[in-house]
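For reference, the structure is listed below as structure tokens.
Bear in mind the structure is a predicted one, so any value in this text is a computation, not a measurement.
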Amino acid sequence: MEFRKVLALRGPNYWANFPVLEAWVDLGEWKDHSSEMIPGFNERLMSWLPTMIEHRCSVGERGGFFERLRRGTYQAHILEHVCLELQSLAGTEVGYGRARETSEEGVYKVAIEFAEETLARACLEKARELVMAAWLDKPFDVAGEVQKLKEFAYDACLGPSTAAIVNAAVARGIPYRRLNTGSLVVLGHGHKQRRILAAETDRTGAIAESIAQDKDLTRALLSSVGVPVPEGRPVKDAEDAWEAAQEIDAPVVVKPQFGNHGRGVATNLTTREQVMSAFEAAIKEGKEIIVEKFAPGADHRLLVVGNKVIAAARRDPPTVIGDGRSTVAQLVAEVNKDPRRGDGHGTVMSLVKIGSIAAAVLAEQGLSADAVPVAGQVVLIRRNANLSTGGTAIDVTDEVHPSVAEQAVDAARVIGLDIA
């Protein structure tokens, strides 16, 4: 089985009104062999990808595709379903596919829906390898290959923020097209089209973006319009960080002045040792470090779009609960089995990791990665609740007080951001 060519039909096309890959598949010597004619083929394929029982196929009911396999179907049709399933297992749910003969004997056109083109192409090639392995009774590491596709998807697919915007556009009937391998997306067509880059739009000012990246400058501007901000200042070394902590009156926060995703951030620090250690961790993420007064309470994030609070979330720091048998490291490993967690920013939550900051937080609780917490003990892994460092989020949009919403809008305005 070979591919003559693979076309990406990115807009409305004669197969569907959504993007599909069109693969011209030459079955070669297997053109006259259907699935029920190859000993053990159906059993191998169904055991390798048991989740395909959900494929209804032309039968129109659960298990329909497996019924087609038993009755006998050709490789082009099988390739279509395997590619769809691999995409879904990699994290992009798709379901449309068609396989049609061409005027040339043994050559089929196979149309396969995709959400991310590069991932779909990778899945198509892997689907061919899997089908051929099952056909020829050769070993195939399905779990290993699916994991590789998931890792590829983390890098290739849109991140959660961009994907949320794109999904909202699709729900409103607005077409979109990805312009590069990053997060640059065009919404709509013609003179009414708009472009976004992650959570930035074509109306986000470069100066506003630059200001927002500077935590110290941002703090000063927010304070100028009456938005409450913590006392603090930039520091030049670890000793200066401790001096700043004493001036401010601990507890304090130590973090990079320019940074994101909670990297290098340590909170609720009270001792000289904690502050010095936090400075060393922060300096690995950026050359400029700031020390600020720690504000106790829950961590919230508000989304402002067009001078209006659209959503709010409470972010909880990563924790594990002891069972009296497992170490902290083992409990963290169990939490990381959640399929919503991934390494990077392609998933809605990130893996919980035990680095230098987490080790310091554990030490404050009299624990280490190898310690066994008692049953029911809640163990804090990090104090900051960024999703990118393992935190979780709960929707609290309906609980935002109007005065808090007003301050959030003021904060976005003074920086100059249309989305904040």
With a 3.5 Å cut-off and sequence neighbours excluded, list the donor-acceptor pairs that the side chains of residues 59-69 form with protein atoms.
| from | atom 1 | to | atom 2 | distance (Å) |
| --- | --- | --- | --- | --- |
| Arg62 | NE | Glu54 | OE1 | 3.3 |
| Arg62 | NE | Glu54 | OE2 | 2.9 |
| Arg62 | NH2 | Glu54 | OE2 | 3.1 |
| Arg68 | NH1 | Ser58 | OG | 2.9 |

Quick one: ring-ring contact (aromatic ring centres under 6.0 Å, His included) partners of [X], sequence neighbours excluded?
X: His189; value: none
X: Trp135; value: Trp30, Phe41
X: Phe152; value: none
X: Phe3; value: none

With [X] via side-chain hydrogen bond (donor to acceptor under 3.5 Å, both in side chains) - residues at least two apart:
X: Ser47; value: none
X: Arg219; value: Asp216, Glu292
X: Ser326; value: Asp323
X: Glu334; value: Lys337

Do any side-chain atoms of residues 144-151 form donor-acceptor pairs under 3.5 angstrom with protein atoms, and if so which ones, sequence neighbours left out?
| from | atom 1 | to | atom 2 | distance (Å) |
| --- | --- | --- | --- | --- |
| Glu145 | OE1 | Lys126 | NZ | 3.3 |
| Gln147 | NE2 | Glu151 | OE2 | 3.4 |

Using a 3.5 Å cut-off and no angle test, enumerate the donor-acceptor pairs between side-chain atoms of residues 77-86 and protein atoms at least two apart in sequence or in another chain.
| from | atom 1 | to | atom 2 | distance (Å) |
| --- | --- | --- | --- | --- |
| His77 | ND1 | Thr73 | OG1 | 2.7 |
| His77 | NE2 | His81 | NE2 | 3.1 |
| Glu80 | OE1 | Ala99 | N | 3.4 |
| His81 | ND1 | His55 | ND1 | 2.9 |
| Glu85 | OE1 | His55 | NE2 | 2.6 |
| Glu85 | OE2 | Thr51 | OG1 | 2.5 |

With a 4.0 Å cut-off, would you call Asp299 and Arg314 a salt bridge?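 Answer for the salt bridge query: no.
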Residue list, side-chain contact (heavy atoms from CB on, under 4.5 Å) with Thr204, at least two apart or on another chain: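 Counting only residues at least two positions away or on another chain, Thr204 forms a side-chain contact (heavy atoms from CB on, under 4.5 Å) with Glu200, Thr201, Leu417, Asp418.
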